[in-house]
Amino acid sequence: MGDNELTPAPLAGDAPVLGLDALLDVPVKVRAVLGRTTMDVGRLSRMRQGEIVELDRRIGELVDVYVNDRLVARGELVLVDDQLGVSMTEIVKSPRV
């Protein structure tokens with residue numbers, strides 16, 4: 001079988017359970033959050049090009065990495081071929097729901 005084919009895992013009761021390979025091509029939304037702030041709509045509407053929005057983080061603090069709106073890691077900003085990236089330095093363990 002090829003790398004992208006579904007392979008059945010051992011049976012759980014009467015229903016077959018698919019292996020992890022079945023999930024590898026599922027798209028997820030990944031976002032890195034530099035920081036946050038709150039402001040009212042009036043201030044937001046008066047903002048002009050070049051104005052600064054202060055965030056709740058300091059230079060050098062780790063950024064949060066979310067997968068499908070769930071915090072999964074923290075990391076440092078890096079520059080890779082003129083694009084921003086995140087070098088993950090900490091995996092966040094969250095309780096299962």
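By convention here, the first residue in the shown sequence is residue 1.
- Taking each heavy atom of A32 and V86 in turn, the nearest pair found is CB-CG2, 3.7 Å.
- Judged by distance alone, with hydrogens and angles left aside, the side-chain atoms of T37 form no donor-acceptor pair with the main-chain N or O of L55 at under 3.5 Å.
- Between atom OG of residue S87 and atom CG of residue L62 there is a gap of 10.0 Å, rounded to the nearest 0.5 Å.
- L24 and V28 fall into different hydrophobic clusters, defined by Ile, Leu, Val, Met, Phe, Trp and Tyr side-chain heavy atoms under 4.5 Å apart, directly or through other members.
- Remark: the backbone N or O of Y66 is not paired with any side-chain donor or acceptor of R70 at under 3.5 angstrom.
- Using a 4.5 Å cut-off between side-chain heavy atoms of Ile, Leu, Val, Met, Phe, Trp and Tyr, with links allowed through other members, V33 and L71 fall into the same hydrophobic cluster.
- Taking hydrophobic clusters as Ile, Leu, Val, Met, Phe, Trp and Tyr residues chained together by side-chain heavy-atom distances below 4.5 Å, M88 does not share a cluster with L79.
- Salt bridge D69/R31: present, at least one basic N to carboxylate O contact under 4.0 Å.
- Judged by distance alone, the side chain of D56 and the main-chain N or O of G35 form no donor-acceptor pair under 3.5 Å.
- With rounding to the nearest 0.5 angstrom, the CZ atom of R43 is 7.5 Å from the CD atom of E51.
- One finds the CG atom of L44 at 9.5 Å from the CZ atom of R46 (value rounded to the nearest 0.5 Å).
- For the pair D64 and R74, the salt-bridge criterion is met [side-chain N within less than 4.0 Å of a carboxylate O].
- Side-chain contact between V53 and M39: present, with at least one pair of heavy atoms (C-beta onward) separated by less than 4.5 Å.
- Residues V30 and V67 have side chains in contact (heavy-atom distance under 4.5 Å, counting atoms from C-beta outward).
- The side-chain heavy atoms of V63 and L77, taken from C-beta on, include a pair separated by under 4.5 Å.
- In Q83, the CD atom is not crowded: 12 or fewer heavy atoms of neighbouring residues, nucleotides or ligands sit closer than 6.0 Å.
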